[in-house]
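Below, all heavy atoms of this structure are taken into account, side chains as well, without hydrogens, waters or symmetry copies. Nothing here was measured: the structure is a model prediction, and the numbers come from that model.
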Amino acid sequence: IDRDASASARRASGKVVGMVRTAAVSLLLAFAFGPAAAVDPAPPATKYPVELIPQIGVRGGADLTADVPVVPPATANPSLSFGLAVDVFIRPDAWFEVFADHQTLHFTSDPSAFGTESFDLAVDYLQFGGGYGPAEGRVRPYVTAAVGLTRYGANSGDVGSAIGFSGSLGGGMKVPVGKRLALRFELRGYATLTDAAVSVSCGPGCFVNFAANGWYQIAGTVGLAIRL
């Protein structure tokens, strides 16, 4: 009986040793040939994600008053604008933003009083600011504010007050369409403190100055946010 018990104990001990050996070999194989993440972990998420946002929209028109009483104001209707924004996220729901936006306004005037019936005025914004909005959800509303510079440039004559200080407030929503893509719809109001002025030729030795006291515009844009 003792011999049988001893043999049984040896067999049980052999089974335990075999199981331990199999487990050890399995662990070694898993360590050596397991997923690449075990020996080469994936790089950590970017600390400050960046979004590149090309955008197109419509910006409001304007009226410029002539300094000659007999000359009626020159008027421009709303027109297309286009620009590029770069957002740097400091946390999932807040970001710094820099953007540039360009528009060309086509002004018309009374040729019988002025000598020419149209001229163009470019209005460019370069602004720096930030935004805030939730990082989750199918539709993500946000608000934004910025300050910067406005540049005026005309295709005829000289431009006075070519650079002005400006600010803007806006809001909109983002609609994700992929892991790294989202549509962005935005409405923004601009205010430029410096007067806009342009001197346009109306013939040899003849110039008429058009000006606006301050400069205020509303713009609506749609953009594609690309997470880099």
Cluster overlap L169 with Y132, hydrophobic side-chain contacts below 4.5 Å: no
Rounded distance [0.5 Å steps], CZ in R140 versus CE in M173: 13.0 Å
Side chain to side chain contact (heavy atoms under 4.5 Å, CB included) between Q217 and V123, intermediate numbers included: CA-CA 10 Å; Q217 287 186 295; V123 184; 3.9 Å; yes
salt_bridge(E186, R59) N-O dist < 4.0 Å: no
Backbone N/O of G130 and side chain of T144: donor-acceptor pair under 3.5 Å: yes
Nearest non-hydrogen partners of F107 and A62, listed with the distance: CE2-O, 3.5 Å
Within-4.5 Å side-chain heavy-atom neighbours: H102 and F82: yes
Same apolar cluster: V50 and L84, side chain cutoff 4.5 Å: yes
Close side-chain approach of W95 to V88, heavy-atom, < 4.5 Å: no
D87/R227 salt bridge by N-O under 4.0 Å criterion: no
Shared hydrophobic cluster, L52 / V177 (ILVMFWY, side-chain heavy atoms < 4.5 Å): yes
From CG (L105) to CG (D120), nearest 0.5 Å: 8.5 Å
Residue pair A135 / P92: nearest heavy atoms and the distance that separates them: CB-O, 3.3 Å
Transitive ILVMFWY side-chain link L228 to F96, under 4.5 Å: no
Any donor-acceptor pair under 3.5 Å from E97 side chain to G129 backbone: no
Residue among Y152, Y125, Y190 satisfying ring-ring contact (aromatic ring centres under 6.0 Å, His included) with W215: Y152
Pairs meeting criterion side chain to side chain donor-acceptor pair (under 3.5 Å) with involvement of residues 162-181, two or more places apart: E51-K174, Q127-S166, Q127-S168, T150-S166, S168-R188
F128 with F89, same ILVMFWY side-chain cluster at under 4.5 Å: no
Side chains of residues 73-81: which donor-acceptor pairs under 3.5 Å do they make with residues two or more places apart or in other chains?
residue, atom, partner, partner atom, Å
S79, OG, Q103, NE2, 3.1
S79, OG, T104, O, 3.0
S81, OG, D101, OD2, 3.4

Nearest heavy-atom neighbours spanning P141 and P134: O-CD, 3.0 Å
Separation of I53 CD1 from I226 CD1 (nearest 0.5 Å): 9.0 Å
Atom pair CZ/CD1 of R151 and I163 - distance to nearest 0.5 Å: 6.5 Å
